[in-house]
Amino acid sequence: MKQLSKEFFNRDTVVVAKELIGKILQVDNIRARILEVEAYKEDLASHARTKTPRSKIMFDTHGHIYVYFIYGMYHCLNITTDSKPGAILIRAIDYPGCSGPGKLCKTLNITRKDNGLELGGRFKILDDGFIAKIKKSERIGIKEDKHLLWRFYIEDYSVVNQKRII
DNA sequence: TACTGGATTCACT
DNA sequence: GTGAATCCAGTAA
């Protein structure tokens, strides 16, 4: 099982998002397959639309962790991609209590203290050679028809169960 | 300094 | 389907 290189993330956000489906997210000792992601580029709905102290990491890095706090209750885990800017929200993984972005962070104890970490430390993305079938939602978002975000799901859940790695 | 609204979740109807 | 919980980043002044 090999760890994805930093350069894997130095590509178009949507391409990376698609390829992340079926890969394995490791946080501390927990490993689970990535089931659902969302790709954010220069989107009106995205923090990447303006460069601020918070969103700076999306402009300056790739292969880094971007965590933000939302609705006063939840954190969301992202991985930065090419410096255009962009990031990929990890929405769900194949692990109990990780069926949504807020729940995932709560279950894995991910908070803003993890913001800015480079992949390879607490967080790793691994490739075990599994190739997932992918379902794509076209350009989610309705505000002013200017959204450029895509959501990708794994299609073959039954295969994931057979290839469960935890 | 004050205000506004959000990349969510869950309980309730 | 709807609304509440909750707090912080961003923005305007």
Roughly how many Å is it from CD1 in Ile110(A) to C1' in dT8(B), rounded to a whole number? 15 Å

On the side chain of Tyr68(A), is there an atom forming a donor-acceptor pair with the base of dA9(C) - under 3.5 Å, no angle test? no

NZ of Lys113(A): more than 12 outside heavy atoms within 6.0 angstrom? yes

In whole angstroms, the gap separating P of dA5(C) from NE2 of His75(A) amounts to 20 Å

With a cut-off of less than 4.0 Å, is there a side-chain N or O of Arg54(A) near OP1 or OP2 of dC8(C)? no

Taking atom P of dA7(B) as reference, at what distance in whole Å does atom CD1 of Ile70(A) sit? 4 Å

Taking 4.0 Å as the cut-off, does a side-chain nitrogen or oxygen of Arg91(A) come that near to OP1 or OP2 on dT8(B)? yes

note: Phe69(A), atom CZ; dT9(B), atom C1'; distance rounded to Å ~ 13 Å

Rounded to whole Å, how long is the line connecting atom CG of Leu104(A) with atom P of dA7(B)? 17 Å

Is there a side-chain contact between Phe130(A) and Ile24(A), using heavy atoms and a 4.5 Å cut-off? no

Please confirm whether the shortest side-chain N or O distance from Arg112(A) to OP1 or OP2 of dA9(C) is below 4.0 Å. yes

For atom CE of Met73(A) and atom P of dC7(C), their distance in whole Å: 8 Å

Is there a side-chain contact between Lys103(A) and the phosphate of dC10(B), meaning an N or O under 4.0 Å from OP1 or OP2? yes

Would you tabulate the side-chain donor-acceptor contacts of residues 63-76 of chain A under 3.5 Å, counting partners in other chains and residues two or more places apart, or write 'none'?
unit_1	atom_1	unit_2	atom_2	d
His64(A)	ND1	His62(A)	O	3.1
Tyr66(A)	OH	His47(A)	ND1	2.7

Is the base of dA7(B) stacked against the aromatic ring of Tyr40(A), taking ring centres under 5.5 Å apart and planes under 30° as the test? yes

Measure from NZ on Lys56(A) to P on dA9(C) and round the result to the nearest Å. 16 Å

Would Arg11(A) and Phe8(A) count as a cation-pi pair here, with the cationic atom under 6.0 angstrom from the ring centre and within 45° of the axis? yes

Contact class for Gly72(A) (heavy atom, under 4.0 Å): base, sugar-phosphate, or nothing? base

Non-neighbouring partners of Asp12(A) that pass salt bridge (Lys or Arg N to Asp or Glu O under 4.0 Å), sequence neighbours left out: Lys41(A)

Using whole Å, report how far CG of Leu89(A) lies from P of dG6(B). 16 Å

Nearest-nucleotide 5' precedence on DNA chain C, Tyr71(A) against Pro53(A): Tyr71(A)

Among dT9(B), dT11(C), dC8(C), find the nucleotide with the atom closest to the side chain of Tyr74(A). dT9(B)

If you compare every side-chain N and O of His47(A) against the phosphate oxygens of dA9(C) (OP1, OP2), does one of them come in below 4.0 Å? no

Counterpart base for dA7(B), defined by Watson-Crick or G-U wobble contacts under 3.5 Å: none

